[in-house]
Amino acid sequence: MTEKLKLDKKLISLCRNYTKEIADRVEKKIENHTTTSVERTVLRLLGIDGVDQYGIPIPNLIIKKVKKENKLNKGIAYWFGNALIQTELSVQVLAEKVTKDEVDLFSLPQKDQDIVQQYMLNLAEEKIKKISKNVTKRKKMKEKYPCGPKPWLYVIVATGNIYEDLKQAKAAARQGADIIAVIRSTAQSLLDYVPYGPTTEGFGGTYATQANFKIMREALDQVIKEEGRYIQLVNYCSGLAMPEIAAIGAIERLDMMLNDAMYGILFRDINMKRTFVDQHFSRMINAYAGVIINTGEDNYLTTADPVQEAHTVLASQFINEELGLRTGLKNDQLGLGHAFEINPDLEDSFLLEIAQAQMVRQIFPKAPLKYMPPTKYMNGDIFKGHLMDGIFNFASIMTDQSIQLLGMLTEAIHTPFLQDRALSIDNAKHVFNSARNISDEIYFKEDGKIQKRANQVLQETAEILKDIADKGLMEALSQGTFADIKRPIKQGKGLDGVIKKAADYYNPFIEIFSEELSIKDE
Amino acid sequence: MNNRDIIKAYGDTYNDGKVQLSFTLPIERGFQAEEAARIYCLKLGLKEVEVVHMKNLKEGFTFFVVYAVCDLSVDVSKISVAKIDTEEMSYYAVNDYIIEKIKRPLTVIGACTGSDAHTVGLDAILNMKGYAGEYGLERYPQIKTFNLGSQVTNEKLINKSVEVKADAILVSQVVTQKNIHIKNLTEFVEILEAEGLRDEFILILGGPRISHELALELGFDAGFGSGTKPNQVASYLAQKKYDNLKENKGGENIE
């Protein structure tokens with residue numbers, strides 16, 4: 001295929017070299033660290049679930065006890081594994097007894113590290129089958145009920161009540177949506193635990209809980225069979241409980257997860273060390289579970305200027321790609337994000353959008369790119385908004401985007417009504433169908449505005465990546481490189497949950513993932 | 001009273017009362033659904049109802065687009081709306097005004113309070129680069145700005161305002177489901193009043209669903225809706241501060 005934009009290949013590989021340096025430095029800072037949420041995730045992957053009488057999740061209760069004794073640096077797997085061997089109890093029964101203080105993890109006799117590790121490795125391999133079975137099931141279902149053509153139509157449901165969400169999700173799927181994202185309650189990212197059970201409340205969405213995941217998955221599986229088309233389910237793997245959400249998502253066969261390397265740092269003021277450690281483990285789980293991650297570069301442009309700061313989006317995509325690949329994610333699992341947010345009143349704004357979208361398409365040819373709709377300049381004029389969404393859809397089909405988060409004409413007014421979503425699905429179906437093969441028919445004028453713009457952004461990206469490689473990503477974040485937001489290295493939420501690993505730290509899942517996903521240097 | 005003061009919706013002829021509306025009913029698409037939509041509109045007080053479009057939204061829902069005539073009218077001579085009556089000034093004029101009249105820089109603090117995580121509006125007003133070609137307040141040499149970002153509690157915002165001796169507090173609310181914002185905003189003003197701090201600050205509320213009227217109702221000094229530019233907020237602030245100083249509000253005297 002001839003390339004539509006002549007991009008400077010040397011510059012692209014230069015960018016990737018800088019990104020490798022950046023990732024090396026990040027890894028150096030986070031290696032030898034674990035977090036309370038990573039350790040809770042180990043318990044969840046072992047199958048521990050449930051809450052105490054106050055609604056506090058059992059994984060939280062157990063990890064809190066171990067942390068209090070300053071013994072988490074060895075890894076929960078050792079303490080829990082030792083107790084399993086000593087008590088011969090089942091995993092869940094032991095977990096409950098620990099929370100009720102009926103078993104004390106530290107007063108039991110201690111088996112040799114090697115014996116416990118082998119025992120836990122075997123147990124983890126057994127438990128993780130639940131996830132590999134889901135991967136097989138997804139594959140089989142997709143063979144029988146294939147996904148619709150790309151760009152996939154991605155819509156959100158956000159009623160704040162899982163049962164109401166259910167109706168809206170089913171209706172959207174039957175109207176033609178390919179992907180359903182269930183929006184979480186505002187501020188769930190700041191909860192240092194995963195809420196429990198089905199939920200019927202929340203603001204701007206309802207909680208991500210394992211029960212809610214299950215309810216939605218079952219409903220969509222029913223629709224898949226009836227409509228003969230695979231419908232992908234999405235939730236949010238971000239915030240303080242990031243790896244735990246990855247685990248429950250993997251167990252309930254979610255297909256996609258929003259899982260950005262830097263979103264929590266920038267937009268939720270979560271400590272960067274905490275984020276990078278959590279992100280690494282959560283991405284290993286997503287990689288193993290065959291989940292497509294969606295990164296969050298679009299968010300930068302809601303605060304920073306989309307024309308001036310376009311290169312920060314590309315820079316972040318390079319960083320997300322490199323950090324993602326290092327956790328075992330494959331290229332086709334990297335739903336790198338960008339957005340259609342340029343001021344529509346700017347002359348040739350559409351050309352600038354096309355330049356960016358086509359550039360990203362060519363630089364990341366295998367990535368299922370996630371394209372986000374106009375939001376910043378949506379102002380309540382639903383008629384103009386609907387047209388802007390149509391132009392956004394046109395940009396997407398012209399540049400072979402993969403995951404199309406549909407714009408809503410009522411953006412900036414309310415969370416989508418049933419009819420808003422239906423209108424946006426119609427809009428996308430119409431545009432995609434009427435221009436299905438347009439991208440095969442066009443190329444961009446040599447030295448034209450689009451060519452020039454793309455190369456300019458690429459040039460600026462190389463410069464900023466060089467700068468980040470020189471000073472380090474954490475320093476860059478503290479200086480406001482992304483989204484005009486500055487985050488000091490030693491501040492932010494969740495820092496107290498970051499723990500330096502002891503020499504004999506053990507996590508059987510990291511061992512399994514590293515081997516299965518062929519990750520080097522783990 | 002002038003006849004021109006009594007108005008109706010306009011389609012293509014004066015006083016024709018033509019309106020368009022769209023809505024969804026929980027009913028399967030079909031003749032019964034169309035009739036249900038028509039009767040529903042009649043009950044809304046509309047006449048000559050035409051259901052021009054009907055779409056099956058699946059799961060037992062149907063979407064309708066309707067044109068109809070509404071006979072009701074409004075007497076505009078009887079309407080009074082609370083308006084911000086300060087004069088709009090440019091970036092340069094605001095800075096000069098502060099130097100000349102207030103004789104010291106103003107301190108402004110802003111936050112999205114409660115569970116709201118959307119800082120788009122707050123950033124548009126405060127951030128250096130501003131919005132729609134107008135610089136944000138951070139850029140004003142005569143305005144010292146603190147942007148606390150999102151999900152800030154009322155208590156934290158008030159403590160910080162006291163700490164930096166803010167002249168004005170900007171509260172932004174974008175996501176406003178189930179009226180959570182009303183409760184939170186009311187509580188904010190109540191805390192200030194209980195602490196005897198209400199007159200220390202100029203309170204400004206902003207957001208796409210915010211009107212000046214609503215802001216006044218909630219006990220703020222002013223409210224700014226969507227499309228507000230930073231210089232409009234700055235103009236208001238400077239003039240309001242000067243007025244307060246003249247009235248000797250907040251215990252500071254300009255003379």
Side-chain angles (χ1 to χ4, degrees), chain A residues 158-160 166-176 185-190 201-205 223 227 266-269 299 301-305 308-309 341 343 345 375-382 411-415 417-423 425-426 480 483-485 487 493, chain B residues 20-26 29 53-65 112-133 136 138 147-153 173-181 183-184 207-209 225-228:
Chain A
T159 67
L166 208 63
K167 273 184 234 162
Q168 302 233 349
K170 280 155 75 178
R174 293 193 205 283
Q175 289 156 11
S185 180
T186 300
Q188 179 168 357
S189 52
L190 301 182
E201 56 184 17
F203 300 106
V223 178
E227 300 286 317
L266 294 169
F267 296 95
R268 292 292 179 270
D269 195 16
N299 292 286
L301 302 183
T302 59
T303 51
D305 182 81
Q308 304 297 323
E309 301 298 320
E341 287 281 20
N343 184 346
D345 296 333
T375 59
K376 200 175 179 170
Y377 291 92
M378 298 292 273
N379 59 8
D381 179 351
I382 56 171
E411 177 74 40
I413 302 175
H414 49 233
T415 49
F417 286 175
L418 191 67
Q419 66 202 42
D420 302 337
R421 207 178 290 106
L423 286 166
I425 290 171
D426 268 358
D484 293 344
I485 297 171
R487 295 299 185 196
K493 303 170 183 99
Chain B
Q20 60 183 30
L21 66 162
S22 60
F23 54 88
T24 300
L25 292 179
R29 189 181 187 280
H53 178 65
M54 215 176 19
K55 184 185 162 59
N56 180 2
L57 299 189
K58 307 291 170 75
E59 298 288 313
F61 292 96
T62 304
F63 174 59
F64 303 90
V65 178
C112 296
T113 56
S115 63
D116 197 348
H118 296 75
T119 60
V120 185
L122 185 69
D123 290 338
I125 301 300
L126 293 185
N127 276 6
M128 197 71 86
K129 72 181 182 309
Y131 172 72
E138 272 178 8
N147 183 347
L148 302 193
S150 67
Q151 297 178 350
V152 177
T153 61
Q173 289 282 326
V174 176
V175 171
T176 58
Q177 267 109 351
K178 296 173 188 168
N179 285 336
I180 179 82
H181 63 300
K183 187 170 160 272
N184 200 44
R209 307 269 76 76
S226 61
T228 302

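Note that these values count all heavy atoms, side chains included, but never hydrogens, waters or copies made by symmetry. By convention in this document, chain letters (A, B, ...) are assigned in the order of the sequence lines, proteins followed by strands, and residues within each chain are numbered from 1. Every value quoted in this text rests on a predicted model; they were computed, and no experiment measured them.
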Counting distance only, does the side-chain N/O of B:Gln151 pair as donor-acceptor with the main-chain N or O of B:Cys112 below 3.5 Å?
-> no
Any luck finding a side-chain donor-acceptor pair between A:Gln175 and A:Arg421 under 3.5 Å?
-> no
Chain A shares the most heavy-atom pairs under 4.5 Å, among B:Glu59, B:Lys55, B:Lys58, with B:Glu59
Go through the atoms of B:Thr62 and report whether side chain, backbone, both or neither lie under 4.5 Å from a heavy atom of chain A.
-> neither
B:Arg29 side chain to B:Met54 backbone, donor-acceptor under 3.5 Å | yes
Determine the option with the most heavy-atom pairs under 4.5 angstrom with chain B, choosing from A:Gln168, A:Lys170, A:Gln308.
-> A:Lys170
A:Ile425 portion near chain B, given a 4.5 angstrom heavy-atom threshold | neither
Under 4.5 Å from a heavy atom of chain B, the part of A:Asp269 involved = neither
So, the side chain of A:Glu341 versus the backbone of A:Lys376: is there a donor-acceptor pair under 3.5 Å, distance only?
-> yes
Hey, does the side chain of A:Asp420 reach the backbone of A:Phe417 with a donor-acceptor pair shorter than 3.5 angstrom?
-> yes
